[in-house]
A.B. asks: 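Structure below; questions to follow.
So you know, we letter chains A, B, ... as the sequences are listed, proteins then strands, and number each from 1. Just so you know, these numbers use all the heavy atoms, side chains as well, and skip hydrogens, waters and symmetry mates. Small disclaimer: the values here were computed from a predicted structure and weren't measured.
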Protein chains: 2
Amino acid sequence: MSALYRQICEQILQQISSGERKVGDRLAPESEFASEMGVSRSTIRMAFNELESIGVLRRRKRAGTEIIATKPQPKFSMSTSSINELLSIGHDTEFQLESITTVHSSDVSSLRDQHSETDFWLEVSGSRTMKNESTPFGINQVYVPARFAGIEPLLESTDFSVFQAIEQAFNVSVCRVTQLTSIVQCSEKDAHTMGLKVGTSVLQIDATLYVQEDTLMELSVARFDPSRFNLYTDVAIK
Amino acid sequence: MSALYRQICEQILQQISSGERKVGDRLAPESEFASEMGVSRSTIRMAFNELESIGVLRRRKRAGTEIIATKPQPKFSMSTSSINELLSIGHDTEFQLESITTVHSSDVSSLRDQHSETDFWLEVSGSRTMKNESTPFGINQVYVPARFAGIEPLLESTDFSVFQAIEQAFNVSVCRVTQLTSIVQCSEKDAHTMGLKVGTSVLQIDATLYVQEDTLMELSVARFDPSRFNLYTDVAIK
DNA sequence: AAGTGGTCTAGACCACTAC
DNA sequence: TAGTGGTCTAGACCACTTA
């Protein structure tokens with residue numbers, strides 16, 4: 001026999017799936033619910049904690065406890081290590097910084113879509129190479145809005161990537177990442193850097209990193225030699 | 001002033017970052033810790049619950065509570081809706097079933113790497129088209145190990161995708177997804193289906209879906225016309 | 001074997017927020 | 001402003017896991 005609070009969880013879940021309770025219904029106040037079930041309020045709270053954590057219940061002071069979903073809401077998640085992989089920062093790769101400049105949003109096509117941001121951006125440009133190899137397998141431009149300027153020393157003196165430098169310097173954390181993967185024909189410059197023929201199809205990954213309230217932190221454009229780089233994603237529940 | 005248990009959380013986190021406590025250290029038993037801090041065990045448990053949920057502590061019966069990380073471990077997660085997008089199942093797209101056959105693992109290159117699985121697989125083959133369009137933008141082969149055979153009726157009579165049919169028929173849930181994105185030259189057959197020239201570079205996405213204890217549920221190989229399809233990933237904390 | 005976290009009880013006061 | 005969830009106490013017994 002499983003724990004009492006788990007039984008209560010399952011009972012509520014079953015009441016929902018049977019139609020006895022519906023999305024939008026409010027449950028009785030915790031203390032009332034407890035005495036109805038003949039258990040202590042702590043037990044009810046453990047059950048509700050569980051149901052809240054899986055996205056079935058929402059609790060608000062004064063407003064009570066409400067059913068907001070029929071089933072447990074699966075959350076697929078990737079661990080921290082994967083966020084580096086997401087940005088193609090393998091631990092066995094090295095970043096070669098090429099330049100740090102200031103650019104105007106009208107100068108760079110990737111920035112033109114970024115409305116309501118500052119006009120000036122920091123552009124960090126470089127390439128990434130496998131350790132023990134000499135020809136880069138990927139090139140990367142990172143654009144940082146003016147509000148996060150001033151990280152140049154960190155980038156030049158440490159092994160931080162741009163987002164790590166910003167996290168460090170401004171005491172913020174990445175809270176959201178979007179990524180768009182597409183195929184483009186590589187430019188003359190890219191081809192030269194990665195040792196490819198001009199016009200070869202390469203994998204382009206446009207990533208945006210946000211902090212806190214959807215504040216843009218960096219915009220990264222990377223292109224990779226598809227014969228030496230694959231994008232790997234691994235997500236698991238919880 | 002924040003809640004007592006939160007203060008205890010932060011105190012422990014600070015003790016870790018200051019070096020007073022280290023990864024690998026064991027904390028005093030909950031009851032002992034509670035009396036040392038002059039609070040009740042319930043309060044300690046709430047604090048430990050918090051620290052456990054952010055990946056800083058691990059609790060094991062008899063073995064005690066151990067520090068396993070220096071900082072909160074950010075978990076980037078994608079919601080359920082994104083899992084469909086991950087598998088390129090946009091809500092405004094339609095799947096055109098072409099064939100359901102049984103194949104031997106030696107017949108298909110994608111299956112040869114899959115050691116320790118059954119020899120026979122169900123192959124579900126088809127293409128995906130935008131609504132209002134006639135030429136598919138992607139083709140897809142899904143391989144299902146023999147243990148999940150018997151889903152053919154569901155695939156033919158409903159709009160389920162393969163993984164949904166399996167979830168339905170066997171009462172299981174996808175718990176892990178891996179995905180490998182690469183560039184390949186499209187075959188004659190693919191080119192014909194998607195209206196491309198033979199040899200055009202297309203985006204190939206190999207996905208594996210697992211249920212429960214890393215049991216393989218399906219293996220999907222999809223190729224997309226890069227001019228009409230981009231892979232979009234969106235992950236956020238919590 | 002026994003010490004640990006897991007579970008559970010029966011209270012209490014409080015802060016906040018939605019009514 | 002009153003009712004709600006949030007927090008906290010001081011106990012208790014138990015099952016399990018690991019030393």
A.B. asks: Between B/Ile44 and B/Arg41, which is nearer to the 5' end of DNA chain D once each is assigned its nearest nucleotide?
C.D. replies: B/Ile44
A.B. asks: Does the distance from a Lys or Arg side-chain N to an Asp or Glu carboxylate O, for A/Arg58 and A/Glu52, drop under 4.0 Å?
C.D. replies: no
A.B. asks: For B/Asn230 and A/Thr181, does a side-chain donor sit closer than 3.5 Å to a side-chain acceptor?
C.D. replies: no
A.B. asks: Within the 4.0 Å heavy-atom criterion, would you say B/Tyr5 contacts the bases, only the backbone, or no part of the nucleic acid?
C.D. replies: sugar-phosphate
A.B. asks: Please check this pair: side chain of A/Glu32 against backbone of A/Pro29, looking for a donor-acceptor N/O pair closer than 3.5 Å.
C.D. replies: no
A.B. asks: Name the nucleic acid region contacted by A/Ser31, choosing base, sugar-phosphate or nothing; use a 4.0 angstrom heavy-atom cut-off, strictly under.
C.D. replies: nothing
A.B. asks: For B/Arg60, answer base if it contacts any base atom (sugar-phosphate contacts may also be present), sugar-phosphate if it contacts only those atoms, and nothing otherwise; contact means non-hydrogen atoms under 4.0 Å.
C.D. replies: sugar-phosphate
A.B. asks: Just checking, any donor-acceptor pair under 3.5 angstrom between side chains of B/Gln15 and B/Ser18?
C.D. replies: no
A.B. asks: State plainly whether the residues A/Arg26 and A/Glu66 are in salt-bridge range, i.e. N to O under 4.0 Å.
C.D. replies: no
A.B. asks: Mapping B/Ser42 and B/Arg26 onto DNA chain C by nearest heavy atom, which one lands closer to the 5' end?
C.D. replies: B/Arg26
A.B. asks: Using a distance-only criterion (donor-acceptor N/O pair, under 3.5 Å, no hydrogens), is the base of C/dA2 paired with the side chain of B/Arg62?
C.D. replies: yes
A.B. asks: Give me the first and last nucleotide of DNA chain D, going 5' to 3', that has any atom under 4.0 Å from a heavy atom of chain A.
C.D. replies: D/dA2 to D/dT7
A.B. asks: Are any of the side-chain nitrogens in A/Glu94 or A/Arg128 under 4.0 Å away from the carboxylate oxygens of its partner?
C.D. replies: no
